[in-house]
Protein chains: 2
Amino acid sequence: MNALVFTLLDIAGLIEKRLDRPLAGARGVSFREYRLLKSLSEFPGSRAMRVELAQSVGLTPSAVTRALKPLEKLGYVVTEKGERDARQSLARLTQAGEVLLADADAIVADVVAGLPAMSISEGQLAELHRGLAGPAASRTVPLRAAIV
Amino acid sequence: MNALVFTLLDIAGLIEKRLDRPLAGARGVSFREYRLLKSLSEFPGSRAMRVELAQSVGLTPSAVTRALKPLEKLGYVVTEKGERDARQSLARLTQAGEVLLADADAIVADVVAGLPAMSISEGQLAELHRGLAGPAASRTVPLRAAIV
DNA sequence: TTGAAATGCGTGAAGACTCACGTATATAGA
DNA sequence: TCTATATACGTGAGTCTTCACGCATTTCAA
């Protein structure tokens, strides 16, 4: 039982390392950055707030703020002030960002194709993912109850 | 294909977070530290070199050196100079470490039991793990070839 | 035996992440 | 309208990890 979980964690670590190297070497972005850009590209108009982005990649908004900075400097992302809500800093993928993302996608697909075959059902994995992510959202309530 | 891999990585991250909190809260050790101690306990006599330990938990020897320091301070581990080889710093689990580890094991088992059911074959996962770890070991040769 | 290469370890520097906190803006209720 | 709360963001401090080195010790080959 525990062994299965530990093995899973090890596997994830190994895969992440395998993805990180080629991306960093070829395009100068880490795998984390790739995922951030990928996530951004999936928002309507490739625009999203820090909080949305953070939620979708499983990071803190502050971590997103920091991760975005170098990507802006490289011209892959620009941030625009929200018009309706002045608190918002909307990150938008630039054209250069889209090009980079396309290249990176190809690299990632290559690496993934080179992984040992895994006979895991995508459906089951997705269900497990939901099972893990869901309760985290509703966790807010019990925590408050515990504090009060 | 890619989606499956990404889901797997997300799941690993979520599980790690779930394990980290209870351990840190109850026993003051991170999940990484727990794994280090666990790994150490599995060596004969609960003694191991930095390099061995590093290899078994997927870290750098220097990372192990640093990770071990606070655990030593807390009395869970002591390091002894190797008698046959004076370069070695052998880490050994103390009795206090064993007690801690037993408690932590219980906590981990609890958390794992609370995870959503995962219908993944342990055998298949182990095979994937070998497939990923194995090539890394033999990677030394091609790398050298590339350099020369 | 002796010089060169390999091995084990520890440290400084840098990167990435979280937490805690403060600021600016928006919103809801008295 | 005015005040309290919530939201979105950014920064400083702390932790953990890797990389690049350098030192001490061992091993191997001439």
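Convention: sequence-line order gives letters A, B, ...; per-chain numbering from 1. Note that the structure is predicted; figures quoted are calculated from it, not measured.
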Visitor: What's the CZ-C1' distance between A:Arg35 and C:dC17, to the nearest Å?
Guide: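 My rounded result for the distance is 16 Å.
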
Visitor: Indicate, yes or no, whether a donor-acceptor pair under 3.5 Å links the base of C:dT18 to the side chain of A:Arg66.
Guide: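 Indeed there is one.
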
Visitor: Just so I know, are the side chains of B:Arg21 and B:Val111 near enough to count as touching, which here means a heavy-atom distance under 4.5 Å?
Guide: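 They are not in contact (no side-chain heavy atoms under 4.5 Å apart), so the answer is no.
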
Visitor: Any heavy-atom pair between the side chains of B:Leu90 and B:Phe43 that's under 4.5 Å?
Guide: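 No, their side chains stay 4.5 Å or more apart.
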
Visitor: Would you mind reading off the distance between A:Glu52 atom CD and D:dA8 atom P, rounded to a whole angstrom?
Guide: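 Going from A:Glu52 (CD) to D:dA8 (P), I get 9 Å.
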
Visitor: With nearest nucleotide decided by heavy atoms, which residue, B:Val64 or A:Leu90, maps closer to the 5′ end of DNA chain D?
Guide: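 Final value for this comparison: A:Leu90.
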
Visitor: Is there a side-chain contact between A:Val99 and A:Tyr76, using heavy atoms and a 4.5 Å cut-off?
Guide: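 No. Closest side-chain heavy atoms not under 4.5 Å.
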
Visitor: Please work out which residues in residues 77-87 of chain B have a non-hydrogen atom less than 4.0 Å from an atom of DNA chain C and list them by number.
Guide: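 Residues of residues 77-87 of chain B under 4.0 Å from DNA chain C: B:Arg87.
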
Visitor: Measure CG/A:Asp20 against P/D:dT17 and give the value in whole Å, please.
Guide: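 So the CG-P distance, A:Asp20 to D:dT17, works out to 16 Å.
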
Visitor: Below the 4.0 Å mark, does D:dG10 have OP1 or OP2 next to a side-chain nitrogen or oxygen of A:Ser89?
Guide: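 So the side-chain polar atoms of A:Ser89 do come within 4.0 Å of the phosphate oxygens OP1 or OP2 of D:dG10, strictly under.
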
Visitor: Looking at C:dA20, D:dC9, C:dC17, which one has an atom nearest to any side-chain atom of A:Ala63?
Guide: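 Between C:dA20, D:dC9, C:dC17, the one nearest the side chain of A:Ala63 would be C:dC17.
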
Visitor: Choosing from C:dG10, D:dC19, D:dT11, which nucleotide comes nearest the side chain of A:Arg21?
Guide: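 Output: D:dC19.
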
Visitor: What nucleotide, of C:dC17, D:dT11, D:dC9, holds the atom closest to the side chain of A:Lys69?
Guide: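 Output: D:dT11.
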
Visitor: Among B:Met49, B:Arg47, B:Arg50, find the residue that satisfies the side chain to side chain contact (heavy atoms under 4.5 Å, CB included) test when tested with B:Gln88.
Guide: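 Result for side chain to side chain contact (heavy atoms under 4.5 Å, CB included) with B:Gln88: B:Met49.
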
Visitor: Select one nucleotide: of C:dC19, D:dA8, D:dC19, the one nearest the side-chain heavy atoms of A:Ser62.
Guide: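 The closest nucleotide is C:dC19.
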
Visitor: Between atom CZ in B:Phe31 and atom C1' in D:dT15, what is the gap in whole Å?
Guide: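 Atom-to-atom, B:Phe31 to D:dT15, this comes out as 18 Å.
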
Visitor: With sugar-phosphate meaning primed atoms plus P, OP1 and OP2, does A:Thr60 contact a base, only sugar-phosphate, or nothing at under 4.0 Å between heavy atoms?
Guide: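 Answer is sugar-phosphate: A:Thr60 comes under 4.0 Å of backbone atoms only.
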
Visitor: Could you tell me how far apart A:Lys17 (NZ) and D:dT18 (P) are, to the nearest whole angstrom?
Guide: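 In whole Å, D:dT18 P and A:Lys17 NZ are 6 Å from each other.
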
Visitor: Give the nucleotide from the list D:dA8, C:dT11, C:dG8 with an atom nearest to the side chain of B:Gln88.
Guide: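 Closest of the options to the side chain of B:Gln88: C:dG8.
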
Visitor: Which of these nucleotides, C:dT18, C:dG10, C:dG8, is closest to any side-chain atom of B:Thr65?
Guide: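 The nucleotide sitting nearest to the side chain is C:dG10.
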
Visitor: Could you state the atom-to-atom distance from CG of B:Leu53 to P of C:dG8 in whole Å?
Guide: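 About 13 Å, once rounded to whole Å.
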
Visitor: Answer whether the closest heavy-atom distance between the side chains of A:Arg35 and A:Arg32 falls below 4.5 Å.
Guide: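 No. Closest side-chain heavy atoms not under 4.5 Å.
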
Visitor: Do B:Leu125 and A:Ile120 have side chains that get closer than 4.5 Å, going by heavy atoms?
Guide: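 Side chain of B:Leu125 against side chain of A:Ile120, heavy atoms only: contact under 4.5 Å found.
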
Visitor: Could you tell me if the side chain of A:Leu132 sits less than 4.5 Å from the side chain of B:Arg18, heavy atoms only?
Guide: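 Yes; the side chains approach each other to less than 4.5 Å.
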
